[in-house]
Amino acid sequence: MSAQERLTDALYGAGWGTVKKLPEPVAARLGRTIADLAWKRRGKGVLRLESNYARVVPGASPERLAALSRAGMRSYLRYWMESFRLPAWSRERIATSFEGKDLHHLTEGMDAGRGVILALPHLANWDLAGAWVTTHLGIPFTTVAERLRPETLYDRFVAYREGLGMEVLPHSGGAAFGTLARRLRGGGLVCLVADRDLSASGVEVGFFGEPARMPAGPALLAQQTGAALLPVTLWYDETPVMRGRVHPPVEVPESGTRREKTSVMTQALADAFATGIADHPEDWHMLQRLWLADLDPAKGPS
């Protein structure tokens with residue numbers, strides 16, 4: 001393990017060990033302070049966030065983009081402060097910290113016994129939404145996690161999410177897809193963050209007027225298992241309560257090859273994600289490259 005990896009692991013460990021013990025106003029103030037310091041430094045993550053917002057809010061002035069990126073960093077640190085504190089929250093606290101719209105799409109799908117896939121973008125706090133589903137609705141689910149370095153950091157994230165009632169599978173390797181399919185065929189719930197392809201073999205979609213690539217997994221799982229595929233979008237407002245919406249099911253097209261069906265369904269997911277991101281761009285925590293134009297190595301780093 002390199003010195004940088006040891007430092008990263010130690011920082012996250014300190015977050016889970018220390019931040020959850022702070023009084024809530026102190027933790028919130030700490031999050032805003034860290035966010036503002038990071039924003040003022042104008043590092044690569046902040047510049048990438050601002051560049052991504054420029055596509056979401058076309059024609060925005062530099063002042064508007066700067067204000068958005070500052071709000072975005074505050075939202076991002078709110079996510080981290082909440083996540084560090086979630087293991088110490090009571091069931092009642094979790095239950096009152098999220099309010100969802102159109103939840104009947106989820107509950108009806110589960111009641112039908114056909115399995116349900118919830119697909120989300122990196123909006124607001126998907127871990128809080130997941131904890132609400134496992135504790136308040138009493139529905140366990142399976143998800144996947146990106147392999148992180150160092151391995152001890154990945155283990156921390158797995159232990160954290162398992163402590164919230166989630167079954168966590170590693171993203172790397174082909175075994176995850178088979179396990180997810182088995183859970184769905186058994187009438188279970190699968191939740192996947194699905195607005196950024198980690199495999200470099202995803203599906204090309206139109207996203208805010210430009211080509212991007214998103215994972216094929218949600219659409220393929222729905223086709224293979226018959227599970228309902230439901231987009232979900234989340235957002236913060238001025239209250240301590242996070243909001244969310246379960247969108248109508250993405251249907252499997254009646255005709256076409258598997259590849260064609262997957263393309264149509266993944267585009268439908270991208271369109272649903274875009275509506276939520278356009279309404280609440282500051283809550284989209286995309287500090288990485290996403291659009292194909294930015295992934296072009298000929299363009300160099302940006």
Side-chain angles (χ1 to χ4, degrees), residues 12-13 15-17 19-20 78-100 103 105-107 109-110 113-148 151-196 198 215 217-218 221-222 225 227-234 242-246 269 285:
Y12 280 100
W16 273 299
V19 172
K20 68 181 180 182
R78 175 174 171 177
Y79 159 78
W80 279 114
M81 291 297 114
E82 286 179 347
S83 296
F84 287 144
R85 297 171 64 79
L86 262 175
W89 282 9
S90 66
R91 297 173 68 91
E92 292 73 24
R93 173 64 194 278
I94 292 173
T96 58
S97 293
F98 175 71
E99 184 176 287
L103 293 168
H105 294 304
L106 168 59
T107 55
M110 295 301 297
R114 59 185 290 205
V116 173
I117 306 159
L118 298 181
L120 307 88
H122 287 80
L123 272 170
N125 191 339
W126 48 97
D127 285 328
L128 172 55
W132 188 86
V133 167
T134 60
T135 59
H136 185 65
L137 295 185
I139 304 175
F141 66 83
T142 304
T143 188
V144 296
E146 179 182 0
R147 279 283 187 188
L148 301 171
E151 190 75 13
T152 51
L153 179 58
Y154 171 77
D155 292 340
R156 287 185 190 275
F157 272 95
V158 170
Y160 157 63
R161 290 186 170 124
E162 288 180 341
L164 298 175
M166 311 173 193
E167 180 187 21
V168 183
L169 307 175
H171 183 274
S172 57
F177 188 91
T179 302
L180 295 173
R182 286 194 296 274
R183 299 292 183 269
L184 292 168
R185 290 194 186 99
L189 176 64
V190 164
C191 299
L192 301 170
V193 179
D195 58 342
R196 180 170 174 254
L198 295 174
L221 283 167
T225 67
L229 175 55
L230 305 176
V232 176
T233 52
L234 307 169
M242 186 178 70
R243 316 290 172 174
R245 177 190 174 198
V246 180
L269 282 181
H285 307 149

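One-based numbering along the sequence shown.
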Using 0.5 Å steps for rounding, measure from the CG atom of Leu118 to the CG atom of Leu192. 8.5 Å
Run the side chain to side chain contact (heavy atoms under 4.5 Å, CB included) test on Ile94 and His136 for me, step by step, so that the C-alpha distance in whole Å, both residues' side-chain angles and the decisive distance to 0.1 Å come before the verdict. CA-CA 8 Å; Ile94 292 173; His136 185 65; 5.8 Å; no
With rounding to the nearest 0.5 angstrom, report the CD1 to CG distance, Ile117 to Leu221. 5.0 Å
Identify the two heavy atoms, one from Leu269 and one from Ala119, that lie closest to each other, and give their separation to 0.1 Å. CD2-CB, 3.9 Å
Could you check whether any side-chain N or O of Thr143 sits under 3.5 Å from a backbone N or O of Cys191, counting only pairs where one atom can act as donor and the other as acceptor? yes
What distance separates Thr233 OG1 from Asp195 CG, expressed to the nearest 0.5 Å? 11.5 Å
Can you tell me how the ring of Trp132 sits relative to the ring of Phe98, calling it parallel under 30°, perpendicular over 60° and tilted otherwise? perpendicular
Write down the atom of Ala176, the atom of Pro170, and the distance for their closest heavy-atom approach. CB-O, 3.6 Å
Can you tell me how far apart CG (Leu128) and CZ (Arg93) are? Round to the nearest 0.5 Å. 9.0 Å
Any non-hydrogen side-chain atom of Leu234 less than 4.5 Å from a side-chain atom of Asn125? no
Passing candidate, side-chain contact (heavy atoms from CB on, under 4.5 Å) with Tyr79, options His285, His122, Met242: His285
Looking only at non-hydrogen atoms, find the nearest pair between Val193 and Pro121 and report the distance. CG1-C, 4.2 Å
Set out, in order, the CA-CA distance, both residues' side-chain angles and the distance that settles side chain to side chain contact (heavy atoms under 4.5 Å, CB included) for Asp127 and Glu82, then state yes or no. CA-CA 9 Å; Asp127 285 328; Glu82 286 179 347; over 6 Å; no
Is the side chain of Arg183 donor-acceptor paired with the backbone N or O of Phe141 at a distance under 3.5 Å, no angle test? no
Which pair of heavy atoms, one from Pro87 and one from Ser83, lies closest together, and at what distance? CD-O, 3.4 Å
Where do Ser97 and Trp89 come nearest, in terms of heavy atoms and distance? OG-CZ3, 3.6 Å
Leu164 backbone acceptor or donor facing Thr134 side chain under 3.5 Å: yes
Can you name the nearest heavy-atom pair linking Gly138 to Pro140, along with the distance? O-CD, 3.5 Å
Which is it for Val232 and Leu106 under the side chain to side chain contact (heavy atoms under 4.5 Å, CB included) test, yes or no, and what are the steps along the way? CA-CA 10 Å; Val232 176; Leu106 168 59; over 6 Å; no
Would you mind reporting whether Leu180 and Phe177 have side-chain heavy atoms less than 4.5 Å apart? no
Say you draw a straight line from CZ of Arg185 to CZ of Arg114; how long is it, rounded to the nearest 0.5 Å? 14.0 Å
Does Arg91 reach the main-chain N or O of Thr135 with its side chain, forming a donor-acceptor pair under 3.5 Å? yes
Taking the side chain as every heavy atom from C-beta outward, state whether Val116 and Ile139 have any atom pair closer than 4.5 Å. no
Rounded to the nearest 0.5 Å, what separation is found between the CG atom of Leu137 and the CE atom of Met110? 9.5 Å
